[in-house]
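Heads up: the structure comes next, in structure tokens.
The structure displayed is predicted, hence computed values, not measured ones. Computation of the quantities below employed the complete heavy-atom set of this structure, encompassing side-chain atoms and omitting hydrogens, waters and symmetry-equivalent molecules. Note on naming: letters A, B, ... go to the chains in the order of the sequence lines (proteins, then strands), and numbering restarts at 1 for each one.
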2 protein chains.
Amino acid sequence: MSPRMGLDLPTILQKAGEIVDEKGLDHLSLGELARRLQIRTPSLYNHIEGLEALRQKLAIHGLHNLHERMVYAAVGRSGDEAVRALSEAYVSFARNHPGLYDATFRAPETDDPELQQAQHKVVELVVQVLQVYGLKDEAALHTVRGFRSILHGFASIELAGGFGLPLDLDKSFLLLIDTFLAGIHSGTSN
Amino acid sequence: MSPRMGLDLPTILQKAGEIVDEKGLDHLSLGELARRLQIRTPSLYNHIEGLEALRQKLAIHGLHNLHERMVYAAVGRSGDEAVRALSEAYVSFARNHPGLYDATFRAPETDDPELQQAQHKVVELVVQVLQVYGLKDEAALHTVRGFRSILHGFASIELAGGFGLPLDLDKSFLLLIDTFLAGIHSGTSN
DNA sequence: TGTGAAAACTAATGTAATTAGTTATTATAA
DNA sequence: TTATAATAACTAATTACATTAGTTTTCACA
């Protein structure tokens with residue numbers, strides 16, 4: 001057992017990530033990917049099961065990256081400071097890797113445990129950071145949902161170019177996070 | 001001037017909306033649409049310029065619907081009550097018309113004035129409802145951005161099935177809106 | 001009742017995903 | 001050093017769409 005060594009998955013995902021960040025998730029095609037890898041399209045099937053599987057793996061790849069950056073941002077901080085750091089890392093990732101971010105969100109419905117695991121790790125990180133606010137059981141879960149909504153909502157509208165006005169985006173985002181934090185501190189969430 | 005009367009655009013958008021709500025925006029194809037309209041695919045080109053144009057028109061169609069429901073929900077209310085009504089109408093629309101909602105958001109980049117107009121009307125409505133909080137100039141615009149982020153973030157994560165836990169979604173959403181409102185009232189936004 | 005504008009059609013082209021079956025390469029076993 | 005088995009990569013063929021060109025059909029009105 002030890003046949004010829006060809007492409008490996010990391011290389012493929014790397015290139016696919018480049019395509020997707022350049023041209024958008026919807027313009028990822030096996031043809032373009034193969035061209036950039038200097039092979040013929042059908043050869044890709046030796047490594048991945050098809051376009052849908054590629055998107056799936058790309059989503060997992062993106063989630064790993066996102067998680068890594070969020071952990072790095074949050075480490076050594078707590079409370080509001082940690083929340084702000086986490087938030088900034090999140091939108092930062094979306095800005096630097098718009099296609100990959102999109103892939104993490106628009107992953108096809110599936111019960112792929114690896115994908116679920118990757119999603120879960122990001123959620124878990126948020127749960128941990130919010131723990132310091134001492135929210136009771138259910139309230140904590142609702143609050144995590146709210147926080148995720150804010151992060152994804154802002155990031156995706158920004159990426160879609162949905163904020164038309166020439167008004168500072170970072171300011172909008174910081175204010176949003178602070179407004180949310182103020183709401184939490186006001187005790188509404190208990 | 002008065003040749004034979006065939007399909008009209010409303011009928012086409014109606015059927016396209018059905019497809020998209022059933023199978024998702026990515027599964028909208030001219031073939032499927034033509035089949036349901038009982039015509040051959042190329043005949044569609046007598047009414048629309050192609051798949052991309054169809055998506056565009058679908059986005060406008062969806063935005064009109066969304067706006068209508070939001071207006072209806074907000075009328076006769078003001079302040080927090082109006083904000084809650086608006087919010088509920090928004091997620092309600094997304095739940096009842098997932099594909100159409102997706103179309104409104106993932107409209108192809110374009111400078112189609114009709115699309116921009118339709119988007120603008122929704123934003124304007126939110127601006128008006130938030131006016132009662134007397135936020136100063138810039139602060140008001142940042143707050144609208146925040147509110148939109150919350151609405152879209154929650155709606156799209158819910159549609160994507162991203163909230164895994166068996167925890168009441170309406171409760172999460174109401175709490176999120178109330179937390180945001182509490183943040184606004186706390187004066188963070190000034 | 002005739003007609004012309006536009007709806008709908010058939011046929012053809014181009015692109016992309018996917019499958020089947022073949023060839024080429026190379027890490028190890030002999 | 002050489003043989004071979006595992007598998008990467010290839011060519012050829014199929015299928016599904018979107019789109020274009022060119023033809024036929026229909027029907028509201030003059």
Between [X] and [Y], a side-chain donor and acceptor under 3.5 Å:
X      : Y       : answer
N65(B) : Y101(B) : no
Q56(A) : E52(A)  : no
Y72(B) : H67(B)  : no

Are H47(A) and dA9(D) close enough that a side-chain N or O sits under 4.0 Å from OP1 or OP2? yes
message = At less than 4.0 Å, is any side-chain N or O atom of S43(B) found next to OP1 or OP2 of dA7(C)? Yes or no.
response = no
To the nearest Å, give me how far apart [atom1] ([X]) and [atom2] ([N]) are.
X      : N       : atom1 : atom2 : value
I48(A) : dT7(D)  : CD1   : C1'   : 16 Å
R40(A) : dT22(C) : CZ    : C1'   : 15 Å
L37(B) : dA7(C)  : CG    : P     : 14 Å

Note to self: Strictly below 4.0 Å, N to O, side chains only: are R55(A) and D102(A) in salt-bridge contact?
What the structure shows: no
In 5'-to-3' order, the base (B), backbone-only (S) or no-contact (-) status of each nucleotide in nucleotides 13-18 of chain D, using a 4.0 angstrom heavy-atom cut-off, is ----SS
inquiry  = So, under a plain 3.5 Å distance rule, would you say the side chain of N46(A) forms a donor-acceptor pair with the base of dA9(D)?
reply    = yes
Can Q14(B) and E18(B) be said to form a side chain to side chain donor-acceptor pair (under 3.5 Å), step by step? CA-CA 6 Å; Q14(B) 156 75 23; E18(B) 286 173 18; 2.6 Å; yes
